Amino acid sequence: MSMLDLSADEVLSTTRAVRRRLDLERPVDRRLIEECLEIAVQAPSGSNSQQWRFVVVGDPEVRGRIAEVYRKAFEDYRNSPYNAGNLFAGDPGRHAEQRRVFGSAEHLADNLHRVPYLLIPIAKGRCERLTTAGEQAAYWAGILPATWSFMLAARARGLGTAWTTMHLPYEREMAEIIGNPYEKTTQVALIPVAHTIGVDFRRARRQPVESVTHWDQW
């Protein structure tokens, strides 16, 4: 499959959370998804556990049922004082940016059923049964790098993705839709996958590196 002419640094720094610019009209070749998954499973995992599982949903009827659950979770989020649009009210510039983020999230919720593929990464075991920081760190390290690798591989192929966890308050209901055994596995995210409208994504505004970096000691 064709690849974008991007360096490794460009892929890493321009893989954005894409919502409004997902092309909801253009179909995605399943082989592109398979290629991205081949890259994903090359990711490292603690003790080489390879505990990842991926449910890829392309069936329109199943996507519709997933979208219904997602929209229910989004309404909870909309009514929460902690939604992105309510943050940083005392900082006009940052607040405007957060309102834009909320609008983008709302657009995705309204159109999730139209996204060609939905990827749900799943880890073995129930995360809430882990009682120490070490157990939690090892657990998430077994699935998150692989999922991020999938998203990077998608960007390199002109596909857009967004890491969402909106549906997780209704994880059990989602498990009934996609069939993963709830008591034995944990859904980690829900990632829409589609071609992007344009490929000219840029670096995002972030905190200066020096403000978040400590050398030798905190």
Side-chain angles (χ1 to χ4, degrees), residues 1 3-4 6-18 28 30-58 62 66 69-70 73 115 117-157 159-193 203-204 206-207 209 212-218:
M1 290 294 181
M3 305 279 287
L4 299 181
L6 299 173
S7 69
D9 282 0
E10 287 171 324
V11 170
L12 287 164
S13 60
T14 64
T15 299
R16 306 264 64 83
V18 185
V28 173
R30 174 172 167 160
R31 288 175 297 173
L32 284 175
I33 305 295
E34 293 170 344
E35 286 183 9
C36 294
L37 289 170
E38 289 286 350
I39 299 296
V41 298
Q42 290 298 313
S45 60
S47 300
N48 194 30
S49 60
Q50 302 180 53
Q51 64 175 333
W52 45 65
R53 295 290 186 273
F54 300 98
V55 175
V56 185
V57 179
V62 180
I66 289 173
V69 174
Y70 192 92
V115 176
Y117 282 103
L118 303 175
L119 175 81
I120 303 175
I122 296 173
K124 295 179 182 178
R126 290 301 308 167
C127 64
E128 63 267 23
R129 295 175 186 158
L130 305 174
T131 58
T132 69
E135 289 174 334
Q136 286 275 351
Y139 182 82
W140 296 114
I143 183 69
L144 299 191
T147 307
W148 181 234
S149 288
F150 175 93
M151 297 170 76
L152 294 171
R155 164 63 174 147
R157 288 161 175 76
L159 300 174
T161 60
W163 188 297
T164 75
T165 56
M166 187 70 65
H167 77 286
L168 290 179
Y170 297 96
E171 182 192 356
R172 188 185 291 273
E173 188 173 339
M174 190 73 79
E176 293 174 359
I177 296 172
I178 64 174
N180 69 291
Y182 177 84
E183 298 296 336
K184 297 179 180 180
T185 58
T186 300
Q187 295 175 33
V188 175
L190 189 156
I191 298 170
V193 186
R203 289 174 178 247
R206 292 289 187 256
Q207 298 178 66
V209 170
V212 297
T213 305
H214 305 269
W215 293 90
D216 298 326
Q217 295 187 46
W218 182 276

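Fair warning: this is a prediction, and the values are worked out from it, not measured in the lab. Starting from 1, each residue takes its place in the sequence as its number.
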Problem - Heavy-atom neighbours of Arg126 CZ exceed 12 at 6.0 Å - result: yes
Practice task
Determine whether Phe54 and Ile122 make a side-chain contact, defined as any pair of heavy atoms from C-beta on separated by less than 4.5 Å.
Solution key: no
Problem - SB check Arg30 Glu34 (cutoff 4.0 Å) - result: yes
Handout entry: Whether Gln51 side chain and Tyr139 backbone form a donor-acceptor pair below 3.5 Å
Key = yes
Can you give the donor-acceptor pairs under 3.5 Å from side chains of residues 39-47 to other protein atoms, not counting sequence neighbours?
{"from": "Ser45", "atom 1": "OG", "to": "Ser49", "atom 2": "N", "distance (Å)": "3.2"}
{"from": "Ser45", "atom 1": "OG", "to": "Gln50", "atom 2": "N", "distance (Å)": "3.0"}

Handout entry: Side-chain (Thr186) to main-chain (Gly125) donor-acceptor, under 3.5 angstrom
Key = yes
Problem - Ion pair check, Glu183 and Arg172, cut-off under 4.0 Å - result: yes
List, one per line, each side-chain donor-acceptor pair under 3.5 Å for residues 142-155, sequence neighbours excluded.
{"from": "Thr147", "atom 1": "OG1", "to": "Ile143", "atom 2": "O", "distance (Å)": "3.0"}
{"from": "Ser149", "atom 1": "OG", "to": "Pro145", "atom 2": "O", "distance (Å)": "3.0"}
{"from": "Arg155", "atom 1": "NE", "to": "Thr14", "atom 2": "O", "distance (Å)": "3.4"}
{"from": "Arg155", "atom 1": "NE", "to": "Thr14", "atom 2": "OG1", "distance (Å)": "3.2"}
{"from": "Arg155", "atom 1": "NH1", "to": "Val199", "atom 2": "O", "distance (Å)": "3.0"}
{"from": "Arg155", "atom 1": "NH2", "to": "Thr14", "atom 2": "OG1", "distance (Å)": "3.1"}
{"from": "Arg155", "atom 1": "NH2", "to": "Val199", "atom 2": "O", "distance (Å)": "3.3"}

Practice task
Look at the side chain of Gln136 and the backbone N and O of Thr132, then say whether any donor-acceptor pair between them is shorter than 3.5 Å.
Solution key: no
Handout entry: Main-chain N/O of Glu35 paired to Glu38 side chain as donor or acceptor, under 3.5 Å
Key = no
Exercise for the section: Side-chain contact test, heavy atoms from C-beta onward, threshold under 4.5 Å: evaluate it for Tyr117 versus Val57 and give yes or no. Expected result: no
Handout entry: More than 12 heavy atoms of other groups within 6.0 Å of Arg129 CZ
Key = yes
